[in-house]
Amino acid sequence: MTRRIAFAAIAAFIAMTSCTRTNPFLEEWDTPYGIPPYDKIAYEDYVPAIKAGIRQQQSAVDAITSNPEAPTFENTIAAYELSGGLLSKVCGVLYNVSETENCPELEAIIEEVTPLISEHEDNLGMNKALYERVAAIYEADRSALTREQQMVLKKHYESFARSGIALPEKQQTRIREINSEMAAKINRIGNNILAESNAFKAEFGISVSDYPTAMTTTEDRALRERMFRAYSSRGHNGNDNDNRKLILDVMRLRIEKAHLMGFDCPADFILEPKMAHDHQTVDAFLDGIMKAAVARARREVKDMEEMAGHKIEPWDWWYYSEKVRKARYDLDEELVKPYFSAENVTKGIFLAAKILYGVNAEEITGVPVYNPEVRTYKLTYDDGSLIGIFTTDYFPRDSKRGGAWMNNVREQYMDTDGSDVRPIILNVGNFNSPDGNGVALLSIDNVETAFHEFGHALHGLLSRCHYPSVSGTSVARDFVETFSQFNENWAFQPELLKQYAVHYQTGEVIPQDILDKIDAADKFNQGFMTTELCAASILDMKWHELTEIPADAGEDFIDEFEAKVCRDMGLPDEIIPRYRTTYFNHIFSSGYSAGYYGYLWAEVLDKDAFSIFEKNGVWNKELAAKFKETFLEKGGSEEPMTLYISFAGREPDNTAFLRGRGL
């Protein structure tokens, strides 16, 4: 059964059972560029559509496994790649909306569909008949396949192994139970973090995203201490949102699963397909950075204590580091912000993409959005060909989880007719909120974040792959941040700043003396910034290097474990990890478990790649075209290091990384 026939059959069946309306997910979307009809989707549409998507994909897989013809890439792998179209369509909307428009109704939907999707994924990963067809292709002569097809085949073959296909039935059953239990608990952890963040805002009147700014400007030291203690104890308050027991449960399950899969600890199971491959490699990498970062941070403490006249505590760092920066570089961020309105920064990210990659951006209105704050853009090349649809949702709401991220509403791929399906990409942020006139002024950190997330977006938008499983950002987790961080390098290029950084009231171009101050202060406070980031990465690794958690371990285990890890890494008393365990959303509910190190790992690649631009011209269009064709268009269709060597002509060198962080 083809995807199209299956879709039509399911749609017809559900339409006949409904007396009032057709589920929008079961219709072809008659919207510009296939943008989801958010205005027509109701809460009650999600669960039936998820169930229909599961049935559709299972039916398509049954057709693949019952095919009497010998397995080939086309009748097995290519067919499997396109088998989950409806499910992807629903999930592309549901998971994006649930992270930005969270409410009791959506929480209930996620809670209901999570075990259904987990069970379905296990059914696919442990489908012996499908595995045997994939294995037959993998073990045969693959020389006639394109390199992309070889990578897709390898990805599916290894995915079966990592799903537990070779395990005895009893152990497979336990793996299924573990996956289902973990999915439910991980969802609760994320919901608790959002609730705790909203409670923090209710108490102090600022969002967790605004916390660094508030700590920089709040003169009342006692208030700073109160904010620090509330911020750093989220998920650790003994209330309904306390995450400690959930985290211990999740870690026990991760450890048990790793053991069932033949690994000593979760880290090694998770890292096996990544660039780093094992925890020893990551530990050695982080240890070298941590030592250099702490040495610099201790010098920064001395500078602040001279300024403060007393010992620096964790709640003093932001406040006194800003005073040192003002004194040393005469850089007052409050005087800088007026040149970085959200409107102008958006123009800046588009302008850089235009110069480097030939991307044109045009805002389109009158299209469906899930929230009035969302803005939508059509991206094209000069010949008019569509690159994709890009949407921004930059400002905080109580319904939105903290941080900033990029997501696919629809990934890029080639459909059964050979048509290039162009992606729909979302950038979400929690930048400084607009004032009463609708003007949002961004901090330097906000500006970098906007460029960062658009780097991810470009990776998804510029993709030119055939198969969904390797298109866009579908690459190793410790490789994916390379392109977001690479794009940050253009945020404060003088030539670009003069074109987009203009005063929101006067239209004055940002003065050269401010540019000089921003440049001079570029490496300021990097001891602190690198230490807290590296500390969080080490904390993540140490959790996932555990081989057991004692059966009698209570909630205090988390505090004791975290304190020991911080002592062992030599973390100064004045600094805490960027994320403490109970609100470490990245590693417990956002897919970065044993992977937070990837930001630093990828920074070695991004800074080394950027050093090539520095030598040959940061606006060198030939080099930018090579970068686009080598990385941004290729997705996961080749091994990461192969792509890097293809671009640079050598393996990466960490010199530029150390120089970039002033280490």
Side-chain angles (χ1 to χ4, degrees), residues 98-104 106-107 187-247 312-322 333-334 337 371 373 393-405 428-436 440-443 445-446 449 528 532 536 555-556 558-559 562 573-586 588-590:
S98 67
E99 290 182 331
T100 55
E101 299 297 300
N102 192 43
C103 61
L106 282 169
E107 285 186 11
N187 181 56
R188 285 177 58 197
I189 288 171
N191 287 340
N192 287 347
I193 292 172
L194 176 59
E196 287 284 272
S197 297
N198 286 338
F200 177 85
K201 182 178 180 181
E203 181 177 356
F204 294 103
I206 60 167
S207 69
V208 293
S209 299
D210 292 333
Y211 170 79
T213 300
M215 293 296 280
T216 297
T217 57
T218 299
E219 295 184 8
D220 185 334
R221 193 177 187 217
L223 177 56
R224 290 203 307 273
E225 181 178 359
R226 274 206 312 125
M227 287 195 294
F228 166 80
R229 294 195 183 282
Y231 179 88
S232 61
S233 64
R234 285 174 292 146
H236 190 301
N237 292 312
N239 56 21
D240 290 343
N241 302 320
D242 196 301
N243 273 332
R244 285 174 291 179
K245 184 180 184 304
L246 284 169
I247 286 169
I312 293 296
E313 300 289 354
W315 49 88
D316 293 321
W317 195 294
W318 288 103
Y319 183 74
Y320 283 105
S321 66
E322 180 64 12
E333 186 145 9
E334 292 306 308
K337 284 181 182 178
N371 186 286
E373 292 181 357
D393 182 0
Y394 278 155
F395 307 116
R397 295 187 293 277
D398 289 348
S399 63
K400 185 192 290 187
R401 74 170 172 87
W405 64 93
V428 182
N430 280 274
F431 301 153
N432 298 330
S433 299
D435 62 18
L441 302 181
L442 306 191
S443 66
D445 183 63
N446 288 162
T449 300
F528 169 79
E532 64 157 11
E555 294 174 348
D556 289 345
I558 286 181
D559 297 331
E562 189 175 286
D573 293 339
E574 299 86 355
I575 304 175
I576 65 170
R578 179 169 293 184
Y579 301 101
R580 296 189 66 188
T581 301
T582 55
Y583 56 91
F584 206 160
N585 193 69
H586 280 77
F588 289 113
S589 61
S590 290

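Numbers for residues simply follow the sequence, beginning at 1.
A 4.5 Å side-chain heavy-atom check between D393 and E373 finds at least one atom pair inside the cut-off. Side-chain contact between R401 and I193 is absent, with no heavy-atom pair separated by less than 4.5 Å. Contact annotation: the side chain of N191 approaches that of N102 to within less than 4.5 Å [non-hydrogen atoms, C-beta and beyond].
The backbone N or O of V428 sits nowhere less than 3.5 Å from a side-chain atom of K400 that would complete a donor-acceptor pair. No donor-acceptor pair closer than 3.5 Å links the side chain of N192 to the backbone N or O of I189. Not one N or O on the side chain of K201 forms a donor-acceptor pair closer than 3.5 Å with the backbone of R397. Although no hydrogens or angles enter the test, the distance criterion places a donor-acceptor pair under 3.5 Å between the side chain of D242 and the main chain of N237. At least one donor-acceptor pair closer than 3.5 Å links the side chain of S399 to the backbone N or O of T100. Here the side chain of N432 pairs a donor or acceptor atom with the backbone of L441 at under 3.5 angstrom. Judged by distance alone, with hydrogens and angles left aside, the side-chain atoms of D559 form no donor-acceptor pair with the main-chain N or O of D556 at under 3.5 Å. With hydrogens and angles ignored, the 3.5 Å screen pairs a side-chain donor or acceptor of E562 with a backbone N or O of T581.
Looking at every heavy atom in both residues, E196 comes nearest to S233 through OE1-O, 4.2 Å. Between N430 and G403 the shortest heavy-atom distance is ND2-O, 2.7 Å. For the residue pair W315 and M215, the shortest heavy atom distance occurs at O-CE, 3.5 Å. When all heavy atoms of R234 and V208 are compared, the closest pair comes out as NH1-CG1, 3.7 Å. When all heavy atoms are compared, the tightest approach of A404 to G429 is CB-CA, 4.0 Å. Looking at every heavy atom in both residues, N585 comes nearest to G190 through OD1-CA, 3.8 Å.
The distance from the CH2 atom of W317 to the CD1 atom of I312 is 8.0 Å, given to the nearest 0.5 Å. Put simply, OG on S589 and CZ on F584 are 11.0 Å apart, with the number rounded to the nearest 0.5 Å. Here T213 contributes atom OG1 and N446 contributes atom CG; the two are 7.0 Å apart, rounded to the nearest 0.5 Å. F204 contributes atom CZ, which lies 4.5 Å from atom CZ of R226 (distance to the nearest 0.5 angstrom). For the atom pair OH (Y583) and CZ (F200), the distance works out to 10.0 Å, reported to the nearest 0.5 Å. Distance check: I206 CD1 to T217 OG1 gives 8.0 Å after rounding to the nearest 0.5 Å.
Under a cutoff of 6.0 Å and an axis angle of 45°, R224 and F228 do not form a cation-pi pair.
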From CA spacing to verdict: side-chain contact (heavy atoms from CB on, under 4.5 Å), Y319, T218: CA-CA 7 Å; Y319 183 74; T218 299; 5.8 Å; no
Checking side chain to side chain donor-acceptor pair (under 3.5 Å) for the pair T582/R244: CA distance, chi angles, key distance, verdict? CA-CA 6 Å; T582 55; R244 285 174 291 179; over 6 Å; no
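Applying the side-chain contact (heavy atoms from CB on, under 4.5 Å) rule to P212 yields the partners W318; only residues at least two apart in sequence or on another chain are considered. Partners of D435 according to the side-chain contact (heavy atoms from CB on, under 4.5 Å) rule, which considers only residues two or more places apart in sequence or in another chain, are N437, V439. R188 pairs by the side-chain contact (heavy atoms from CB on, under 4.5 Å) definition with L246, not counting sequence neighbours.
Aromatic ring orientation, Y231 versus Y211: parallel (interplanar angle below 30°, classes split at 30° and 60°).
Taking a cutoff of 4.0 Å between a charged side-chain nitrogen and a carboxylate oxygen, E225 and R229 qualify as a salt bridge.
Using modelled atom types and a 3.5 Å distance limit, the side chains of S207 and D210 yield a donor-acceptor pair.
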